[in-house]
Amino acid sequence: MKRKILAALLATWILCTAVSGTVLTAGEFDPNKDNYVNVDAIDLSLHGETSGDFTPVYVFDNPFLGKDTSKGVVFEFYAKPTWEVHVLGTIFAIQGTEDYDGRIYFTPGSYFGFNSEKFGGYFDANLYNYALVDDYIKDGATIRIELSETGFSVYSNDVLCYDQTILADSTRAAGDYTEQSDFAPVLKWLSGAQKLYFGYGSWWNTVSSCEANINLSDVSFRLADGTEVFSQLKADGELLKRLGGSLTLKNESKDIAASWELVTDAQPRLLNFDMVNYESESILKYMVVAVAVMFAIAVAILIYALKKRRYNDI
């Protein structure tokens, strides 16, 4: 009898190991800057978890840290949706801790937010009851956010979407900041915050509801005088392989003629890496084989354990 119980426990352990073994632990998908390579575009939907909160895949030092941001800054990028809009996800976020605790971020729902208790409180622009107000990215757009002492302006393909006056409309915004507020504290905070994230960093980072289903490219973060502080996207190539991400992600053109050329071209443009012969292969098929083998072993053990035996076999 003891042998049956032990065999059943062993089979259960094998099954649990097979299932849990298909999910990466947090340490396995922490980005390693030693593996960073230059890329043209990144897939912000990638993460390693299957439930709960997910961790960042694209992490950088805040490029505005220590810079004179007092005259204003500009965030610009091209966002191409790949699936449904998750309003509370994150395209980019800058976060600070300790004396600069807080964050500023922009989401796939075209929601621009800031929150730091020590630097004036918070504002939520283009958000109502945590739901989508207006989608300015649609099928793909170049988004430009200009932030100055007097407020902010959000543009989509060079067309103004909204500015700080939206804060006066309680059906489209909320916060401690108003359209008459001095936004200098936000700029001061920005020069002291420590980290920049893509695809992570709003207040909500929940698997299956807050992934940014966005391909991001053409990033340009700069000071108001035009000084560029961040323009080259990078990614941990080894991490992308483990997550099953593709290294052939296209940086889709925003020009109609060029887009048509891409469609008809038999050699589609690949995501460029500053690495020779860097190739990836999805780990999904290996996971499936491993789980199948372990499942077969577990079933065999159970059959053996439950097999009828004579009294003297026990």
Side-chain angles (χ1 to χ4, degrees), residues 23-50 53-65 75-83 86 89-95 103-108 137 140 142-143 193-202 205 207 210-222 228-254 262 268-284 286-287:
V23 182
L24 297 177
T25 63
E28 288 178 298
F29 56 79
D30 281 343
N32 182 346
K33 291 186 179 180
D34 291 338
N35 295 327
Y36 273 24
V37 289
N38 293 341
V39 297
D40 286 339
I42 52 177
D43 179 359
L44 301 187
S45 67
L46 288 180
H47 58 86
E49 300 86 345
T50 58
D53 294 338
F54 58 86
T55 55
V57 173
Y58 311 102
V59 183
F60 305 88
D61 294 330
N62 173 21
F64 293 105
L65 180 62
F75 310 99
E76 189 169 17
F77 50 88
Y78 181 67
K80 175 70 176 178
T82 57
W83 196 41
H86 286 166
T90 319
I91 293 178
F92 82 87
I94 295 175
Q95 290 193 21
R103 63 189 76 190
I104 193 168
Y105 47 88
F106 189 80
T107 83
I137 297 175
T142 295
I143 299 295
Q194 295 91 2
K195 290 296 180 182
L196 164 65
Y197 301 97
F198 293 110
Y200 172 92
S202 71
N205 291 296
V207 173
C210 290
E211 298 96 331
N213 297 315
I214 294 287
N215 285 348
L216 182 71
S217 60
D218 299 336
V219 173
S220 174
F221 288 0
R222 53 190 184 269
E228 200 160 51
V229 297
F230 186 96
S231 61
Q232 179 58 66
L233 287 173
K234 295 178 181 290
D236 180 339
E238 291 297 323
L239 175 60
L240 294 189
K241 287 173 64 177
R242 292 200 299 275
L243 293 177
S246 172
L247 299 185
T248 58
L249 181 66
K250 282 193 300 184
N251 177 7
E252 300 204 19
S253 172
K254 299 171 287 300
L262 281 174
R269 181 184 176 200
L270 303 184
L271 180 145
N272 294 329
F273 278 78
D274 289 352
M275 183 180 289
V276 179
N277 294 327
Y278 194 91
E279 297 179 355
S280 78
E281 187 174 4
S282 174
I283 61 175
L284 180 59
Y286 301 112
M287 288 182 175

Checklist line | For Phe75, ring-ring contact (aromatic ring centres under 6.0 Å, His included) partners two or more places apart | finding: Phe64, Phe92, Phe221
Checklist line | Close side-chain approach of Asp43 to Asn215, heavy-atom, < 4.5 Å | finding: yes
Item checked: From CA spacing to verdict: side-chain contact (heavy atoms from CB on, under 4.5 Å), Ile91, Ile137 -> CA-CA 11 Å; Ile91 293 178; Ile137 297 175; 3.7 Å; yes
Margin query: Taking the side chain as everything from C-beta on, heavy atoms only, tell me whether Pro108 gets closer than 4.5 Å to Asn213.
Written below: no
Next item on the list: Output the distance between atom CG (Leu196) and atom CG (Leu65), rounded to the nearest 0.5 Å.
Entry: 11.5 Å
Check: CG of Leu44 to NZ of Lys80: how many Å apart, nearest 0.5 Å?
Finding: 14.5 Å
Note to self: Pairing donors with acceptors under 3.5 angstrom, does anything connect the side chains of Thr142 and Glu76?
What the structure shows: no
Note to self: Ignoring hydrogens, what is the shortest heavy-atom contact between Tyr105 and Ala93? Give both atom names and the distance.
What the structure shows: CB-CB, 3.8 Å
Next item on the list: Scan residues 55-64 for pairs that pass salt bridge (charged side-chain N to carboxylate O under 4.0 Å, His left out), counting only residues two or more places apart or in two chains.
Entry: Lys33-Asp61, Asp61-Lys195
Next item on the list: Please name the pair of heavy atoms, one in Gln95 and one in Ala193, separated by the smallest distance, quoted to 0.1 Å.
Entry: O-CB, 3.6 Å
Next item on the list: Kindly indicate whether the side chain of Asn205, heavy atoms from C-beta on, has any atom under 4.5 Å from the side chain of Thr90.
Entry: yes
Next item on the list: Kindly indicate whether the side chain of Asn32, heavy atoms from C-beta on, has any atom under 4.5 Å from the side chain of Leu239.
Entry: no
Check: To the nearest 0.5 Å, what is the distance between OH (Tyr58) and CG (Leu46)?
Finding: 4.5 Å
Next item on the list: State, yes or no, whether a side-chain contact exists between Ser220 and Glu228 at a heavy-atom distance under 4.5 Å.
Entry: yes
Notebook entry, point to check: Can you name the one residue among Ile214, Leu233, Val57, Val59 that meets side chain to side chain contact (heavy atoms under 4.5 Å, CB included) with Phe198?
Noted result: Leu233
Checklist line | Closest contact, heavy atoms only, Glu49 versus Thr55 | finding: OE2-N, 3.0 Å
Margin query: Once rounded to the nearest 0.5 Å, what's the spacing between atom CZ of Phe60 and atom CD of Gln232?
Written below: 9.0 Å
Checklist line | Separation of Glu211 CD from Thr82 OG1 (nearest 0.5 Å) | finding: 10.0 Å
